[in-house]
Amino acid sequence: MSNRNFEYSVAIRTLGTGGEKYRQELESLHRQTIKPKHIFIYLAEGYKRPDFQVGIEEYIPVHKGLVHQRAASLQGVDTDYILILDDDIFFPDDGVEKLYESMIAHGADCIAPETFNNAGMSQFMKLGYYMANGVVARPDDDNAIKIMRNGTFSFNRNPKKGAVSPTQSFPGTACLCKTEAFRKIHYEDELWIDQFPAGTFGEDQIMSYKLHKNGYKVVMAHDTGILHLDAGTNNIHNKTYKKIKFRALSYYMTWYRTCYDLKGNNALEKFRCILAFSWRFGLGTLTRALFSIAKFQPKHLIGYIHGTLKGIAFAQSKEYKAQKNFIIAK
């Protein structure tokens with residue numbers, strides 16, 4: 001397969017605080033067998049540019065916010081492909097080349113490496129994810145991640161080695177996308193998310209699922225050697241009441257925006273979505289009640305309920321109702 005005409009730009013969002021992990025990312029990009037035409041760094045306003053320059057990276061100051069900085073990724077881009085990254089991703093030397101080859105071979109508009117090994121979690125962790133958030137493991141059906149009616153996802157519990165699988169969502173840490181596909185989903189329509197605290201909203205699911213729901217083919221590549229260098233998990237014990245509350249709000253709003261309030265949903269489909277989310281909420285409430293009792297920390301239960309109620313109210317607000325639908329008219 002010839003890669004002669006393949007040109008891509010890199011778009012990285014950062015606060016400029018990634019340190020050594022960020023340096024490793026830039027160095028790995030400059031070692032690629034197919035080198036990027038541009039590396040654009042979308043640095044949040046008010047944050048200091050790192051004191052090192054690895055190569056051709058160009059800094060563009062943009063409004064702070066995970067969605068603002070991701071939506072700005074099209075600024076300056078003049079290539080047909082865009083590699084969208086966080087600031088802590090490591091690529092083997094042929095990582096981008098292999099992503100592109102897999103993308104073309106599968107006729108995809110976007111490809112993401114698997115940077116969080118759901119299938120590799122312990123059974124205890126899988127049970128915890130299900131009890132707290134409704135996430136479930138599926139038997140191998142040649143798909144990676146599927147979004148369910150309750151707003152959360154199911155994942156392939158035993159993907160084939162090296163598989164490249166259709167997916168409805170992916171971690172937002174890294175993806176190679178046709179520039180025109182990313183442009184046409186109008187990710188800037190999701191800027192409403194940035195009013196909530198960073199790290200409490202699953203904006204990566206909204207971006208990837210928006211590609212899928214608007215007709216673009218998305219695939220996930222397993223076992224690529226592409227690594228998320230800062231792939232730690234959140235410690236539930238250290239979460240503040242505010243974060244617990246806004247995380248619960250994000251669960252509701254993600255469900256409402258991507259599952260319930262979709263153009264074309266009839267009354268029966270909306271009812272099914274309500275039943276699915278109600279089960280998820282009930283299970284999550286029970287889990288957090290037991291955890292709060294065991295740890296003598298009622299914030300987990302109270303924050304979960306409070307956040308869900310705030311999500312219900314926000315979905316009915318004039319601000320949210322003024323947003324464009326998740327499904328973009330063709």
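Worth saying up front: this structure is predicted, and the values here are computed from it rather than measured.
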Could you go through residues 195-207 and list every donor-acceptor pair under 3.5 Å that involves a side-chain atom there, pairing it with any protein atom two or more places apart or in another chain?
| residue | atom | partner | partner atom | Å |
| --- | --- | --- | --- | --- |
| Gln195 | NE2 | Trp192 | O | 3.0 |
| Gln195 | NE2 | Glu319 | OE2 | 2.6 |
| Thr200 | OG1 | Pro197 | O | 2.6 |
| Glu203 | OE1 | Arg13 | NH1 | 3.4 |
| Glu203 | OE1 | Tyr187 | OH | 3.3 |
| Glu203 | OE2 | Arg13 | NH2 | 3.3 |
| Asp204 | OD2 | Gly172 | N | 3.2 |
| Gln205 | NE2 | Gly151 | O | 3.0 |

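Contact between Thr14 and Gln69 at its shortest, heavy atoms only, is O-NE2, 2.9 Å. Listed here is the closest heavy atom pair of Pro36 and Leu29: CD-O, 3.7 Å. Nearest heavy-atom pair, Ser165 versus Asn143, reported as atom, atom and distance to 0.1 Å: CB-C, 3.9 Å. Nearest heavy atoms, Arg70 versus Asp86: NH2-OD1, 2.9 Å. Pairing each heavy atom of Cys273 with each of Trp255, the nearest pair is O-NE1, 3.3 Å. Asp189 and Arg257 get closest at one heavy-atom pair: O-NH2, 4.3 Å.
Hydrophobic cluster membership is shared by Leu283 and Leu127, with clusters built from Ile, Leu, Val, Met, Phe, Trp and Tyr side chains linked at under 4.5 angstrom. Met121 and Val136 fall into different hydrophobic clusters, where Ile, Leu, Val, Met, Phe, Trp and Tyr residues are linked whenever their side-chain heavy atoms come under 4.5 Å apart, directly or through other members. Leu191 and Ile84 fall within the same hydrophobic cluster, where Ile, Leu, Val, Met, Phe, Trp and Tyr residues are linked whenever their side-chain heavy atoms come under 4.5 Å apart, directly or through other members. There is no path of hydrophobic side-chain contacts, each under 4.5 Å, that joins Ile147 to Tyr130. Linking Ile, Leu, Val, Met, Phe, Trp and Tyr residues whenever their side-chain heavy atoms come within less than 4.5 Å leaves Leu286 and Tyr129 in two separate clusters.
Surrounding NZ of Lys243 are at most 12 heavy atoms belonging to other residues, nucleotides or ligands under 6.0 Å away. At most 12 non-hydrogen atoms from other residues, nucleotides or ligands lie less than 6.0 angstrom from NZ of Lys324. The neighbour count for Phe52 CZ, taken as heavy atoms of other residues, nucleotides or ligands under 6.0 Å away, is above 12. Other residues, nucleotides and ligands contribute at most 12 non-hydrogen atoms within 6.0 Å of the CG atom of Asp80. Counting heavy atoms of neighbouring residues, nucleotides and ligands inside a 6.0 Å radius, atom NZ of Lys37 exceeds 12 of them.
Distance check, rounded to the nearest 0.5 Å: CE of Met131 to CZ of Arg288 gives 10.0 Å. Taking CD1 of Ile34 as the reference point, atom OH of Tyr8 lies at 7.0 Å (rounded to 0.5 Å). One distance of note links CG of Leu74 with OH of Tyr42; it measures 7.0 Å at 0.5 Å rounding. The distance from the NE2 atom of His30 to the CD atom of Glu25 is 10.0 Å, given to the nearest 0.5 Å. Going from atom NZ of Lys21 over to atom CD1 of Ile89 covers 11.5 Å, rounded to the nearest 0.5 Å. The distance from atom CZ of Phe271 to atom CG of Leu275, rounded to the nearest 0.5 Å, is 4.0 Å.
Judged purely by atom type and a 3.5 angstrom limit, Asn325 uses its side chain to pair as donor or acceptor with the backbone of Asp261. When atom types are taken as modelled, the side chain of Thr167 and the backbone of Met220 share no donor-acceptor pair closer than 3.5 angstrom. A donor-acceptor pair under 3.5 Å is formed between the side chain of Thr79 and the backbone N or O of Ser9. For Ser102 (side chain) and Leu99 (main-chain N/O), no donor-acceptor pair under 3.5 Å exists by modelled atom type. Side chain of Asp88 to backbone of His228: no donor-acceptor contact under 3.5 angstrom is found. Under the 3.5 Å distance criterion, the side-chain polar atoms of Glu190 are left unmatched by any main-chain donor or acceptor of Glu188. Judged purely by atom type and a 3.5 angstrom limit, Asn150 has no side-chain atom pairing as donor or acceptor with the backbone of Val135. Checking side-chain atoms of Ser208 against main-chain N and O of Ser169 turns up no donor-acceptor pair under 3.5 Å. Proximity of a side-chain donor or acceptor of Ser154 to a complementary backbone N or O of Ala137 within less than 3.5 Å is not detected. When atom types are taken as modelled, the side chain of Arg31 and the backbone of Pro92 share no donor-acceptor pair closer than 3.5 angstrom.
Ring geometry for Tyr256 against Tyr252 counts as parallel: the plane angle stays under 30°, on a 0 to 90° scale with 60° as the upper cut. Taking the six-membered ring for Trp and thresholds of 30 and 60 degrees, His306 and Tyr241 have ring planes inclined between 30 and 60 degrees apart. Relative ring orientation between Phe155 and Phe153 is described as tilted, the plane-to-plane angle lying within the 30° to 60° band. Between Phe291 and His300, the ring planes lie perpendicular to each other; the angle is over 60°, past the 30° to 60° tilted range.
For residues 264-273, every residue pair satisfying the side-chain hydrogen bond (donor to acceptor under 3.5 Å, both in side chains) rule, not counting sequence neighbours, is listed here: Arg149-Glu269. Residue pairs meeting the salt bridge (charged side-chain N to carboxylate O under 4.0 Å, His left out) criterion with at least one member in residues 161-171, sequence neighbours excluded, are Lys161-Asp223.
Tested against Asp109, the residues Lys178, Lys184, Arg183, Lys217 include a single salt bridge (Lys or Arg N to Asp or Glu O under 4.0 Å) partner, Lys178.
With contacts defined as side-chain heavy-atom distances shorter than 4.5 Å, the pair Ile104/Asn3 does not qualify. Looking at Leu43 and Pro61, their side chains never come closer than 4.5 Å, going by heavy atoms from C-beta outward. Between Gln32 and Phe91 there is a side-chain heavy-atom pair separated by less than 4.5 Å. A heavy-atom distance below 4.5 Å is found between the side chains of Ile185 and Tyr216. Put simply, the side chain of Ile12 does not reach to within 4.5 Å of the side chain of Glu57, judged on heavy atoms.
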Check step by step if side-chain contact (heavy atoms from CB on, under 4.5 Å) holds for Phe182 and Val77.
CA-CA 12 Å; Phe182 185 62; Val77 172; over 6 Å; no
Checking side-chain contact (heavy atoms from CB on, under 4.5 Å) for the pair Thr258/Lys213: CA distance, chi angles, key distance, verdict?
CA-CA 9 Å; Thr258 67; Lys213 290 299 288 184; over 6 Å; no
Determine, step by step, whether Lys98 and Glu101 satisfy the salt bridge (charged side-chain N to carboxylate O under 4.0 Å, His left out) criterion, reporting the C-alpha distance in whole Å, the side-chain angles of both residues, the deciding distance to 0.1 Å, and the verdict.
CA-CA 5 Å; Lys98 287 187 174 180; Glu101 290 175 348; over 6 Å; no
Begin with the C-alpha distance, continue with both residues' side-chain angles, and end with the deciding distance and a verdict on side-chain contact (heavy atoms from CB on, under 4.5 Å) for Tyr260 and Ile274.
CA-CA 8 Å; Tyr260 177 80; Ile274 290 171; 3.8 Å; yes
Audit row: Ile60, Ile41, side-chain contact (heavy atoms from CB on, under 4.5 Å) steps and yes/no
CA-CA 6 Å; Ile60 300 175; Ile41 316 295; over 6 Å; no
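When ring centroids are compared, Tyr100 and Tyr81 come within the 6.0 Å threshold.
For the residue pair His38/Glu7, the side-chain donor-acceptor check at 3.5 Å is not satisfied.
Using a 4.0 Å cut-off between charged nitrogen and carboxylate oxygen, Lys64 and Asp194 do not count as a salt-bridge pair.
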